[in-house]
**Q** 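Would you mind keeping the following structure in view while I ask a few things?
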Amino acid sequence: MANENEIPDFPTSITPQSQDFGRWYIDVVRRAELADYSPVKGCMVIRPYGYAIWELMQQGLDKRFKATGHVNAYFPMFIPESLFMKEAEHVEGFAPEVAWVTHGGKEQLEERLVVRPTSETIIGTMYAKWVQSWRDLPILINQWANVVRWEKVTRLFLRTTEFLWQEGHTAHETAEEAEEETRKMLGVYKEFAQTELAMPVMDGLKTESEKFAGADRTYSIEALMRDGRALQAGTSHNLGQNFAKGYDIKFQARDKSVQYAWTTSWGVSTRLIGGLIMTHGDDGGLILPPRIAPYQVVIVPIPRGNWKETVLPKAQEIRDALTALGVRVMLDDRDSQTPGWKFNEWEMRGVPLRMEIGPKDLEKQTVVLARRDTREKSFVPMDGLAPHVVQLLDTIQQALFERAIAFRTEHTSSTGSYDEFKATMEGRPGFVISPWCGSATCEAEIKTETQATIRNIPFETDAVPMAGQTCLKCHAPATTLAWFAKSY
RNA sequence: CGGGGCGUGGCUCAGCCUGGUAGAGCACUCGGUUCGGGACCGAGGGGUCGGAGGUUCGAAGCCUCUCGCCCCGACCA
């Protein structure tokens, strides 16, 4: 059924990935109308098409949070300075990048307010009021919010002064429960990224130097972008009793003693959109996995003769049939653009499947389906079309995931030789798994010399015997394996 | 925060060196013919050249200051 229609090169203002990946990324974001620069320094505008992707992410995540027992709430974006300052490590980590509110109207405030860079402090304060007894635990709350971090350098979706995210904040009775929660939510992120975004991720533990300011342990999921660099796509923190002590979250335990609660926090942000773009996109622009695509199918009618009386009604009928099956469809019936223009436009915007329908199709009772991922075109009978499309979308979702896995596999290696490691980190590096002694000094030196950082430490390591293995850098006995990569 | 680059119709840019009162392509509006891989013809609209000051008979252009943005490095979701 598939034929080999050549796709001619078409003029495009998107820089090829091989020429300049960073430029390619910006071009795609802007040309696909995902986001635009705003008049506010470091802040972007998320345009409707980009926001639609975020809404789908929100739905997919929110469903999973609810399914694991969490509820949503909302806390203020302003945090009084005195409150913010209570957890020392946290302050040290975030103080350099917080925005301050100093005035209300013309009046100088008695106490400055921090615009939240994250909400552990304000939420911890509230939890302290809400928790008296072990019966009040656990508290499993998530918040969808914006946060502000005064970054020096910004990049659309990946790093902006203000960004959207969700932050889960939980409080538990025991250390074990908190650890279980921390890992469970990392698992939720991993499953979400792989199932919905078709984005394979490495999960594991962050090193001491990379963990969240104020956490005992930070876990992350790390994805590999098509330029061979890693992107931290989500984090889950076990905060131990650090914030409970700083914010006085105490309860009377089952044994009548008074205990500090064990808290966690976890978050993913609109950065995931950047990850999505750089995981799947090609020189034609965006490629969206069907499950996260605002439009899964675009129908392009071929306008000829009295098409508005013949082709268009059929196109509408097909659209309605697809919509009835839950497919997100765009019928592009604009007569201001030619079909060829629309083909390129919607490909550039990443729509997984295009359907062409014209007079010839009406005669033959078929339509043309063109896949964005493989660019294959096929003729498909109108009879049974809608279920066929549903199935094909599923196939595309799967194919994209497999392709991403294959790419990551090609760009993943293992070495204990520092020379080999350095060679790999030139060009389009990817992930390298290597033995490490656990010292921050080696970690820092490796970073200085190669720009590569430890993304995380794989869970499987627990079971791997490290005897006889020596650190990549210093050759002291290794304590663990670690995933290294250059990162965003 | 260090280094580099750039601000001229909506967008990308030319013009600046060598001052003489603003252009191209795309986009947009109207009319018509088209439409199965970025159509064509015709007619139009739109810019106090980032801002301030200076030099000059005259400044987009030269000088000074200033603001903003982008890129590359050190820090971060």
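This is a predicted model, so every value here is computed, not measured. So you know, we letter chains A, B, ... as the sequences are listed, proteins then strands, and number each from 1.
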**Q** Quote, to the nearest angstrom, the P distance that separates B:U12 from B:G45.
**A** 24 Å
**Q** Just wondering, do A:Y247 and A:L83 contact through their side chains at under 4.5 Å, heavy atoms?
**A** yes
**Q** Could you tell me which nucleotide pairs with B:U34 by Watson-Crick or G-U wobble geometry, both distances under 3.5 Å, or answer none if nothing does?
**A** none
**Q** Please report the distance separating the C1' of B:G50 from the corresponding atom of B:G68, rounded so that it comes out in whole Å.
**A** 7 Å
**Q** Which value, in whole Å, describes the distance between the C1' atoms of nucleotides B:A39 and B:C16?
**A** 38 Å
**Q** Using whole Å, report how far CH2 of A:W341 lies from P of B:C26.
**A** 15 Å
**Q** By the 4.0 Å heavy-atom rule, please label A:P96 as base, sugar-phosphate, or nothing.
**A** nothing
**Q** For B:C57, which nucleotide is its Watson-Crick or G-U wobble mate, given both distances must be under 3.5 Å?
**A** B:G20
**Q** Round to a whole Å and report the spacing from CD of A:E120 to C1' of B:A77.
**A** 12 Å
**Q** Whole angstroms only, please: what is the CG-C1' distance between A:L61 and B:A77?
**A** 14 Å
**Q** Less than 3.5 Å between a donor and an acceptor, one on the side chain of A:R354 and one on the base of B:G37, is that the case here?
**A** yes
**Q** Searching all strands shown, indicate the nucleotide that pairs with B:G68 (Watson-Crick or G-U wobble; both distances under 3.5 Å).
**A** B:C6
**Q** Would you kindly give the CD1-to-P distance between A:I299 and B:G36, to the nearest whole Å?
**A** 18 Å
**Q** Inspect the contact between A:E222 and A:K206 and indicate whether a charged nitrogen and a carboxylate oxygen are less than 4.0 angstrom apart.
**A** yes
**Q** Go ahead and name the base partner of B:C1; Watson-Crick or wobble counts if both distances stay under 3.5 Å, otherwise write none.
**A** B:G73
**Q** Nearest whole angstrom, please: distance from the C1' of B:U34 to the CD of A:Q337.
**A** 13 Å
**Q** Salt bridge or not for A:D227 and A:K486, using N-O below 4.0 Å?
**A** no
**Q** At 4.0 Å (heavy atoms only), tell me whether A:K342 reaches a base, stays on the sugar-phosphate, or touches nothing.
**A** nothing
**Q** Rounding to an integer number of Å, can you tell me how far A:D332 CG sits from B:G38 C1'?
**A** 13 Å
**Q** In the strands shown, is B:A14 matched to any nucleotide by a Watson-Crick or G-U wobble pair with both distances under 3.5 Å, and which?
**A** none
**Q** Nearest-nucleotide wise, let me know which of A:F163 and A:E345 is further upstream toward the 5' end of RNA chain B.
**A** A:E345
**Q** Under a 4.0 Å N-O cut-off, is there an ion pair linking A:E162 with A:R149?
**A** no
**Q** Does the B:G37 base have a donor-acceptor partner in the side chain of A:K377 within less than 3.5 Å?
**A** yes
**Q** Measuring only the C1' atom in each nucleotide, how far is B:A22 from B:A60? A whole number of Å is fine.
**A** 8 Å
**Q** Could you measure between the two C1' atoms, the one in B:C17 and the one in B:C11, and give it in whole Å?
**A** 27 Å
**Q** What is the distance from CG of A:L312 to P of B:C35, rounded to the nearest Å?
**A** 17 Å
**Q** Could you measure between the two C1' atoms, the one in B:U55 and the one in B:U29, and give it in whole Å?
**A** 43 Å
**Q** What interatomic distance, in whole Å, is found between C1' of B:G3 and the corresponding atom of B:G38?
**A** 40 Å
**Q** Check every strand shown and say whether A:E356 touches a base, only sugar-phosphate, or nothing at a heavy-atom separation below 4.0 Å.
**A** base
**Q** Just to be sure I understand the rule, does A:V147 reach a base, reach only the sugar-phosphate, or reach nothing, if contact means heavy atoms closer than 4.0 Å?
**A** nothing
**Q** Under a 4.0 Å N-O cut-off, is there an ion pair linking A:E443 with A:K447?
**A** no
**Q** So, does A:T338 get its side chain near the phosphate of B:A39, meaning an N or O under 4.0 Å from OP1 or OP2?
**A** yes
**Q** Tell me what A:G358 touches on the nucleic acid: a base, only sugar-phosphate, or nothing, going by heavy atoms under 4.0 Å.
**A** base
**Q** What is the nucleic acid contact for A:T235, judged by heavy atoms within less than 4.0 Å: base, sugar-phosphate only, or nothing?
**A** nothing
**Q** Could you tell me whether the side chain of A:R31 has a donor or acceptor atom within less than 3.5 Å of a complementary atom in the base of B:G38?
**A** yes
**Q** In whole Å, measure the gap between the C1' atoms of B:U33 and B:U21 for me.
**A** 41 Å
**Q** Please collect all salt bridge (Lys or Arg N to Asp or Glu O under 4.0 Å) contacts where either partner lies in residues 293-316 of chain A, sequence neighbours excluded, each pair once.
**A** A:K308-A:D335, A:K314-A:E317
**Q** With both distances under 3.5 Å as the test, what is the Watson-Crick or G-U wobble partner of B:U48?
**A** none
**Q** Under 4.0 Å between a Lys/Arg side-chain N and an Asp/Glu carboxylate O for A:R354 and A:E356?
**A** yes
**Q** Below 3.5 Å is the cut-off: list the nitrogen or oxygen pairs between protein and nucleotides 68-76 of chain B, distance only.
**A**
| unit_1 | atom_1 | unit_2 | atom_2 | d |
| --- | --- | --- | --- | --- |
| B:C69 | OP2 | A:K41 | NZ | 3.2 |
| B:C75 | OP2 | A:K447 | NZ | 3.4 |
| B:C76 | O2' | A:E151 | OE2 | 3.0 |
| B:C76 | O2 | A:R159 | NE | 3.1 |
| B:C76 | N3 | A:R159 | NE | 3.3 |
| B:C76 | N3 | A:R159 | NH2 | 3.4 |

**Q** Counting only Watson-Crick or G-U wobble pairs whose two distances fall under 3.5 Å, which nucleotide matches B:A43?
**A** B:U29
**Q** Between A:Y74 and A:W144, is the ring centroid distance below 6.0 Å?
**A** no
**Q** For the ring pair A:F459 and A:Y219, is the centre-to-centre distance below 6.0 Å?
**A** yes
**Q** Where do A:I14 and A:G284 come nearest, in terms of heavy atoms and distance?
**A** CD1-O, 4.2 Å
**Q** Can you check the A:E347 CD to B:G37 P distance for me, whole Å?
**A** 12 Å
